[in-house]
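We use all heavy atoms of the structure for the numbers below, so side chains are in, but hydrogens, waters and symmetry mates are not. First listed ligand is number 1; within each ligand, the first listed atom is number 1.
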Amino acid sequence: MSEQQQAPRGTYDVLPGVAEHRARLVDGVAAPAFARAGYARIETPAFEHTELFARGVGESTEIVSKEMYTFTDQGERSLTLRPEGTAPVCRAYVEHGMHKLAQPVKLWYEGSFFRQEAPQAGRFRQFFQIGAEALGSDDPALDAEAIVLLARMLEAAGATGCRLRISSLGSSAERAAYSDQLKVYLRANEAALSADVRERIELNPLRAFDAKHEGTQAVMTDAPRLLSSISGEDRAHFDDVLALLTAAGVAYEIDDTLVRGLDYYTRTVFEFTSDRLGAQSGVGGGGRYDGLVELLGGPPTPGIGWAAGVERVLAVAEAAGAQPAAAAAADAYIALDAEADREAAFALACALRERGLAALIELGGRSLKGQLKQADRAGAKSLVILGGGRAAYDAAVKNMHTGEQRELNDLTKQDYIDRIAAELIA
Ligand code: HAM
């Protein structure tokens with residue numbers, strides 16, 4: 001098969017079977033957990049003005065400088081397929097005057113995001129995130145609540161055994177002062193750094209903590225740490241978040257090398273990782289972004305949030321041995337032979353579905369024996385047999401579990417649906 005005949009690199013089809021797992025994660029686990037914590041659902045467009053991400057996520061980040069799918073539309077506007085959801089949610093918050101609502105405003109979303117990264121296991125160019133954003137309060141309890149929500153959601157999804165690493169980046173002033181200090185340190189050790197890190201000293205020195213390069217890692221072991229320079233209100237905020245996590249029974253590890261790949265973070269940052277995944281160990285992560293709404297033209301508004309990768313959550317759950325959701329069984333399989341009244345059978349299937357029953361009808365032209373096998377494969381609870389020498393509208397209903405078969409005779413056009421439905425429900 002040629003490349004053009006396949007889905008583009010880094011994308012994939014969600015086939016039946018997997019689609020149900022995903023639906024169970026989003027609708028069965030995430031949606032109820034968010035509702036219980038007072039988060040309302042929001043959906044933003046799949047593309048935005050490029051400027052939103054350039055300003056919001058930051059020109060110096062890998063996401064903006066290397067990974068965005070950007071195009072020009074017919075009106076010569078530069079648009080970008082969203083690489084992440086925080087900047088769009090903040091844009092929507094400002095655009096719809098949500099600062100006038102009771103604060104904090106808690107929102108969650110699920111959808112596809114796009115990054116032009118080198119595809120590998122667990123890393124896609126179109127991937128899905130479940131995300132949460134809480135805007136309008138800097139209460140440390142909001143940070144802790146968001147983190148606990150993600151911790152519990154991962155467990156409920158079967159993605160057990162994830163590690164939570166947490167740190168604080170302080171205020172943007174502290175971060176800027178630290179960044180200058182780190183630049184000086186990196187320049188002093190330039191010779192031992194990878195070319196990549198060396199090139200980014202001015203632009204994004206914090207990313208040196210993420211380097212895989214041995215020499216760089218050795219240099220970073222002794223690098224000054226931002227967390228140790230955080231004091232006053234920022235330190236107290238961080239200590240409060242930690243105390244609340246402990247109170248909720250969520251285990252964490254303080255990691256002063258934790259930096260995130262987006263520029264908007266202030267104060268709390270965190271990441272859930274799993275060693276059940278290969279190189280792409282990040283299951284979900286987030287943090288506080290107290291300057292972002294203002295940066296995007298809104299009033300000064302603190303915010304905290306996270307996003308988790310749907311593919312990665314499901315991969316961890318699978319590796320942890322979580323049982324996939326059983327396929328929904330059909331209530332009835334309508335079997336018919338050449339003699340049967342096809343219109344009556346078709347009307348019966350439609351009417352049963354309208355009554356809330358999962359009804360399948362033979363559409364493959366199989367023999368009666370083949371239909372029985374097919375009903376078994378579909379996990380049907382009952383088989384409704386039409387035709388087979390019976391009078392028009394008469395039917396047999398066979399219980400697929402017990403094998404017991406009941407004949408329903410003297411059915412008429414007016415009552416056959418009611419009587420068959422009653423037999424199925426009984
Ligand atoms: P992020 O760390 O860039 O944060 O992405 C969050 C999660 O999305 C990752 O932990 C990972 O599970 C998943 N993910 C990211 N890139 C890919 C990819 N190429 N393929 C598969 N999965 C991927 C954000 O996006 C922030 N907006 C999170 C946030 C919300 N911070 C505050 N509020």
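- For atom 21 (C) of ligand 1, the closest non-hydrogen atom of the protein is G122 O, 3.3 Å.
- Between G261 and ligand 1 there is no heavy-atom distance shorter than 4.0 Å.
- Contact annotation: Y289 has at least one heavy atom less than 4.0 Å from an atom of ligand 1.
- In terms of N/O distances under 3.5 Å, ligand 1 is approached by F124.
- Put simply, CZ on R267 and CD1 on I230 are 9.5 Å apart, with the number rounded to the nearest 0.5 Å.
- The shortest N/O to N/O separation between R115 and ligand 1 falls below 3.5 Å.
- Distances between N or O atoms of G282 and those of ligand 1 include at least one value under 3.5 Å.
- If you take CD1 on I334 and CD1 on I420, they are separated by 7.5 Å, rounding to the nearest 0.5 Å.
- Every heavy atom of F272 sits 4.0 Å or more from the atoms of ligand 1.
- Across all their heavy atoms, W306 and F270 have their closest contact at CB-CZ, 3.6 Å.
- For atom 13 (C) of ligand 1, the closest non-hydrogen atom of the protein is G309 CA, 3.7 Å.
- Using modelled atom types, one finds a donor on one side chain and an acceptor on the other under 3.5 Å when comparing E311 with Y12.
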E202 and R187: CA distance, side-chain angles, deciding distance, salt bridge (Lys or Arg N to Asp or Glu O under 4.0 Å) verdict: CA-CA 10 Å; E202 285 310 312; R187 266 190 239 109; 2.5 Å; yes
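- Residue R260 places a heavy atom under 4.0 Å from ligand 1.
- Checking only distances, R123 never comes within under 3.5 Å of ligand 1, N or O to N or O.
- From the protein, the heavy atom lying nearest to atom 27 (N) of ligand 1 is E84 OE1, 2.7 Å.
- An N or O contact shorter than 3.5 Å links Q129 to ligand 1 by distance.
- Using a 4.0 Å cut-off between heavy atoms, V283 contacts ligand 1 through its backbone alone, with no side-chain atom that close.
- Classified by interplanar angle (parallel below 30°, tilted 30° to 60°, perpendicular above 60°), the ring pair Y39/F34 is tilted.
- Proximity of a side-chain donor or acceptor of R82 to a complementary backbone N or O of T80 within less than 3.5 Å is not detected.
- Residues S78 and T50 approach most closely at OG-OG1, 2.7 Å, considering heavy atoms.
- At a 4.0 Å heavy-atom cut-off, ligand 1 touches E133 through the side chain alone.
- Residue contacts with ligand 1: P83 is placed with no nitrogen or oxygen under 3.5 Å of a nitrogen or oxygen of the ligand (distance criterion only).
- Given atom 11 (C) of ligand 1, the protein heavy atom at minimum distance is R312 NH1, 3.5 Å.
- Below 3.5 Å of separation, one finds an N or O of Y264 facing an N or O of ligand 1.
- Short contacts between ligand 1 and G284, defined as distances under 4.0 Å to a heavy atom of the residue, involve ligand atoms 10 (O).
- For the residue pair T86 and Y289, no side-chain donor N or O sits within less than 3.5 Å of a side-chain acceptor on the partner.
- To the nearest 0.5 Å, atom CD of residue E84 and atom OH of residue Y264 are 3.5 Å apart.
- Protein heavy atom in closest approach to atom 30 (C) of ligand 1: T86 OG1, 2.9 Å.
- Not a single donor-acceptor pair under 3.5 Å links the side chain of R312 to the backbone N or O of G284.
- The closest approach between a heavy atom of G131 and any atom of ligand 1 is not below 4.0 Å.
- Only one option out of D290, D234, D143 pairs with T268 in a side-chain hydrogen bond (donor to acceptor under 3.5 Å, both in side chains); it is D143.
- Between R207 and E62 there is no salt bridge, since no side-chain nitrogen of the basic residue lies less than 4.0 Å from a carboxylate oxygen of the acidic one.
- For ligand 1, none of its N or O atoms has an N or O atom of F127 under 3.5 Å away.
- The closest approach between G303 and ligand 1 stays at or above 4.0 Å for every heavy atom of the residue.
- Evaluated by nearest non-hydrogen atom to atom 31 (N) of ligand 1, the leading choice among Y109, F270, Y265, F114 is Y265.
- Once rounded to the nearest 0.5 Å, the distance linking NE2 of H49 with CG of D73 reads 8.5 Å.
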